[in-house]
Amino acid sequence: AEIASANGNVQPIKVRRIEGAAAVFDGQTPIFEIVFGHRRHQACLELGLTVNAIVVSHMDDKALFEAMDRENRGRKNLSAWEQGRMYDDAIRQGLYPSLRRLSDSLGVNLSDASRAVQLAKLPSEVVAAFASPLDLQVRWAKPLADAMQRDPEGLLQRARALVAAPSRRNSSGVLAELLGQQAAEKATETPVLIGKRKVAVLRTEPSGRLIVEFEAGAVPPNRSHELAKAIKAFLSSDAA
């Protein structure tokens, strides 16, 4: 929606020229590869808009990976599970000899990178138990990995039962089921609607924590400070 309203991607993507590619595009064989900006590129394709791009004549695979990682972390686009898959793929492709070398090169915390990779290596049945793999949180990596180590068949059976269930639990409930824990209470959710469109949801967890989640695009980035002020004013008036 943002790209449509601006009639193009204001923030350019980056592409590299493919080694040995023809000087002129023949309409069939690609001559550029995206370094970062896949979503912006896809949006422009769907809208029929020309893509604003920075073109790099030469960039090796390791430099491409590092540029992609910096861009993703800077924009906070990737979930822990997606980040873990990226790191795991980079090591399997031989870009780095170890996760420690990868974390040193990228300047990321080794423990966080390790837990993200643990999430990425979970069996597909476990990932499928969640409504979306993007729901997987980095702090769940160790308990899930421990459960897989301790009772792999039991974990997989519980995961398959969750996938086959007629209704989906929230992500915390899924985690409790996978770990064989019985949640005393379920989180309650209150949707926030504008007309018939859901723009946010208020989720009260059994612990008493209240989580507010906004739908993508519901809060323009340049207005987030207004939202923070409104929340502060609301809580201040309640305290008074």
In plain terms, say whether [X] and [Y] are close enough for a salt bridge, that is, a side-chain N and a carboxylate O under 4.0 Å apart.
{"X": "Arg100", "Y": "Asp104", "result": "no"}
{"X": "Asp112", "Y": "Arg115", "result": "yes"}
{"X": "Glu189", "Y": "Arg203", "result": "yes"}

**Study point:** Candidate pair Arg17 and Ile31, rule side chain to side chain contact (heavy atoms under 4.5 Å, CB included), full reasoning
**Key:** CA-CA 6 Å; Arg17 179 172 283 278; Ile31 59 176; 4.2 Å; yes
Find the distance between [atom1] ([X]) and [atom2] ([Y]) and round it off to the nearest 0.5 Å.
{"X": "Asp146", "Y": "Lys142", "atom1": "CG", "atom2": "NZ", "answer": "3.5 Å"}
{"X": "Asn9", "Y": "Gln11", "atom1": "CG", "atom2": "CD", "answer": "8.5 Å"}
{"X": "Gln93", "Y": "Lys62", "atom1": "CD", "atom2": "NZ", "answer": "13.5 Å"}

Point to revise | Close side-chain approach of Ser103 to Asn109, heavy-atom, < 4.5 Å | key: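 The answer is no, as the side chains (C-beta and beyond) never meet within the 4.5 Å cut-off.
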**Study point:** Test item: Glu19 and His58 side chains (from C-beta on) under 4.5 Å apart, heavy atoms
**Key:**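 Yes, their side chains come closer than 4.5 Å.
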Practice item. Under the side chain to side chain contact (heavy atoms under 4.5 Å, CB included) rule, what do Phe214 and Val201 come out as? Steps first, then yes or no, please. Key: CA-CA 7 Å; Phe214 291 91; Val201 63; over 6 Å; no
Practice item. Might you confirm whether atom CD of Glu2 has over 12 heavy atoms from other residues, nucleotides or ligands at distances under 6.0 Å? Key: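 It does not: Glu2 CD has 12 such atoms or fewer within range.
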Check your understanding: So does Arg85 have more than 12 non-hydrogen atoms from other groups sitting under 6.0 Å from CZ?
Key ->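 No, not enclosed.
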Shortest non-hydrogen contact from [X] toward [Y]:
{"X": "Glu153", "Y": "Arg160", "answer": "OE2-NH1, 3.5 Å"}
{"X": "Ser79", "Y": "Leu134", "answer": "OG-CD2, 3.4 Å"}
{"X": "Cys44", "Y": "Ile3", "answer": "SG-CG2, 4.0 Å"}
{"X": "Ala116", "Y": "Val138", "answer": "N-CG2, 4.1 Å"}
{"X": "Ala21", "Y": "Pro30", "answer": "CB-O, 4.1 Å"}

Practice item. Please name all residues satisfying side chain to side chain contact (heavy atoms under 4.5 Å, CB included) with Asn222, sequence neighbours left out, ordered by chain then number. Key: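 Expected list: Pro220.
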Exercise for review: Name all residues meeting the side chain to side chain contact (heavy atoms under 4.5 Å, CB included) criterion together with His41; count only those two or more places apart in sequence or in a different chain, and write none if there are none.
Suggested key: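 For His41 the side chain to side chain contact (heavy atoms under 4.5 Å, CB included) partners, ignoring immediate neighbours, are Ile13, Ile34, Leu45, Val51.
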Practice item. Before giving the answer on side chain to side chain contact (heavy atoms under 4.5 Å, CB included), spell out for Phe32 and Ile18 the whole-Å C-alpha distance, their side-chain angles and the decisive distance to 0.1 Å. Key: CA-CA 5 Å; Phe32 296 108; Ile18 297 172; 5.6 Å; no
Practice item. Walk me through it: do Leu99 and Ile91 pass the test side chain to side chain contact (heavy atoms under 4.5 Å, CB included)? Key: CA-CA 7 Å; Leu99 189 59; Ile91 292 171; 3.7 Å; yes
Point to revise | For Leu122, the rest of its hydrophobic cluster, which grows through side-chain links under 4.5 angstrom | key: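 Answer for Leu122: Trp81, Leu119, Val126, Val127, Phe130, Leu136, Trp140, Leu144, Met148, Leu155, Leu156, Leu162, Val174, Leu175, Leu178, Leu179.
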